[in-house]
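Below, chain A is the first sequence line, B the second, and so on; all start at residue 1.
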Amino acid sequence: MSIWEYANPKRFMGWSGTVLPWFAVLAAGLLTTGLVWGFFFTPNDFRQGSTVKIIYLHVPSAWIAINAYLMMFVCSLIWLIRRHHVSALAAKAAAPVGLAMTLIALATGALWGKPMWGTYWVWDPRLTSFLILALFYIGYIGLWSAIEDRDTAADLTSVLAMVGAVFALLSRYAVLFWNQGLHQGTTVTIADGAQQENISTVFFVPLLLSMGGFTLLFVTLVLLGTRSEVMERRLAVLRKKAQIL
Amino acid sequence: MNVDLGKYASDVLAAYGVGIAVLTVMVLAYVFRHRRMSRNLLDQESKSND
Amino acid sequence: MRAILIRDLRLSFRAGGGFGLALVFFLILIVLTPFAVGNDPVVLSKVSIGVIWIGALLACLLSLDRLFAHDFEDGTLEALVVSPLPLEMVVLIKVIVHWLTTGLPLAVLAPIFGAMLGLPAQAGLMIAVTLSIGTLGLSAIGGFGSALTVGVKRGGLLLSLLVLPMYVPTLIFGAMAARQTASGGDPTIALTILGAITLTGIATLPFVAAMVLRMNVR
C-alpha cells in the first residue's frame, strides 16, 4: 500500500480520529511539564535574572512559527503536484497556528527585550523578519477566505505559499544586509546544544520538553483543523445535494 | 522550586500570561470549530438519509 | 503582441486609466511630508529618500488592482488564455505597460520632488536610477499579486496585504543605494542586488502569474 493512501479523505478521517486523543494527551503532558519545570524549577541566570525563563515560550514558538511555514510549503507542493485535498486543507489548517506562534514569539521577545536591551522593540533583523513572516501568514489566511471556489482557493494559496516562501527567505537575508542586529545567534541546536554547553543542561532539558510539547501541540491542532476542513467540505457537498433533490 | 522572580517579575509574568492566553484561545478556537463541524455534519447526514 | 501593448498603453492614457493618478498621488504625498515631520530642512533631507521610496511603493499599488480586472470581467482574459499568444508574454507586456505608466514617470520626476525635500544633489540622479530599476521589479511582483486577486471582489485591500511584504527586499536595496550615494558612499553592491532582484522577478514572475491566471479562469 502506498503512503498516499493515508491522504484519502475518508481514510484520513479514520486514522486521524484514532491518533488525535493520543497526540492531544502527549502534547498537553509535555507542554505542561516543560513550562512548569521551566517556570518553577530552573535557577535564574546570573546575567539575565529571571527573564531567562521567557525562553521556554519564546524559542519553541519561534521554532513552530518557522516550521509551520515550511510545512505549509511542503503541503502546497503536494497539492499542486498530486492533488490530494487533505494536503491543501492541512496547509490551510496550519496557517492560523503559525500566525499565533509568530505573535507569541514577537510578544515574548518584546517582553524579554525591555529589561535586557532596554527597549521593547528594536528594528533588529530577526524581529523584523518575524514581523514580515506574520504579514505573510495574514496574507495567506486572507486569500483563503477571500476566494469562494474551494479548489481555486487551494490552487491560489498554494502558489502564494511557494512564492511567499521565496520572498520570506529573500527578505530574511535582505534584512540582514540592512542591519546587523542586536539579537543573539541561535544558541539551541538540538544536536549539539547540550554537549557544547552553549546553554547549560539545567535550562536545556525543560526547553527541549517545551519544544517537544509545542511541536506536538502543532501536530494536534493541524490534525484537528484539517478534520474540521474535511467535514466542512463534506457538509457543503451534502447541502448542495439536498438542494438539488 | 524557584519562584523568586526578582526585579523582572512583571516582565516574566506578562510573557507567560500572553503566551498561555494566546495558546488557550487558539486551542479553544480549533476545538470548538471541530465540534461545530461534527455536529452539523451529523445533522445533515441524518437529514439526507430520511 | 504589439497590438496588445498599444491597446493597453492607450487604455491607461485615457481618462480614468490611472496614468496621471499615480503621479498626482506621489506629488501629494511629497507635499504632505513637511506638514507631518516639520519644515526643518535637515530633518526633511534626512527622510527624503525614505519618503520618496515609500511614496513610489504606494503609488505603484494604486493602479495594480485593475491590471487584469477589466479583462477578467469582460471576458477578454479568457480569450487571451485560449489564444495562440503565450499568456506569459501577455502578462509581461501588461507588467511593462504598468511600469511605463507609473514607475518610469515617477523615477523621472523623483529628483525634482527630492530637491523639494532638500535631497542632496548628488543623490538626485541615483534616486532616479534606483527607482527606475526598482519599480520594474515592483510591477512584476504586483502583476503576480494582481493575478492572484483577480477573481476577488474588492480585492484592493487584500492585494496590498499580499504585495507589500514582497516589496521589502526591493525597498531595502533601492533605498540603501540612494542613501549610500547621499552620504558619499559607494552604492555598487546595493545597486547590483537591486538589479538582480528586478531581473529575477521580471524573468520568473510572469510565468507564475500566467499559471495563476489560468487557475482563475478555469
Steps toward side-chain contact (heavy atoms from CB on, under 4.5 Å) verdict (B:N40, A:R234): CA-CA 10 Å; B:N40 291 352; A:R234 183 157 163 68; over 6 Å; no
Is [Y] close to [X] at the side-chain level, that is, under 4.5 Å between some pair of heavy atoms?
X     : Y      : result
B:R33 : A:E232 : yes
B:V18 : A:L103 : no
B:V27 : A:L224 : no

For the [atom1] atom of [X] and the [atom2] atom of [Y], what is their distance to the nearest 0.5 Å?
X     : Y      : atom1 : atom2 : answer
B:D43 : A:L238 : CG    : CG    : 11.5 Å
B:I20 : A:F39  : CD1   : CZ    : 8.0 Å
B:L23 : A:M101 : CG    : CE    : 5.5 Å

Give me the atom names and distance for the closest heavy-atom approach of [X] to [Y].
X     : Y      : value
B:G19 : A:I104 : O-CD1, 3.8 Å
B:A15 : A:L57  : O-CD1, 3.5 Å
B:D11 : A:I54  : O-CD1, 4.1 Å

Among B:H34, B:M37, B:M26, B:R36, residue most engaged with chain A (heavy-atom pairs, under 4.5 Å): B:H34
Under 4.5 Å from any heavy atom of chain B - which part of A:A107: side chain
Toward chain B, the part of A:V230 with a non-hydrogen atom under 4.5 Å: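 Neither; nothing under 4.5 Å.
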Test side-chain contact (heavy atoms from CB on, under 4.5 Å) applied to B:Y16 and A:L35, A:L111, A:T108, the passing residue: A:L35
Candidate pair B:V12 and A:W112, rule side-chain contact (heavy atoms from CB on, under 4.5 Å), full reasoning: CA-CA 8 Å; B:V12 178; A:W112 182 83; over 6 Å; no
Under 3.5 Å: donor-acceptor pair, side chain of B:Y30, backbone of A:T220: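 Side chain of B:Y30 to backbone of A:T220: no pair is present.
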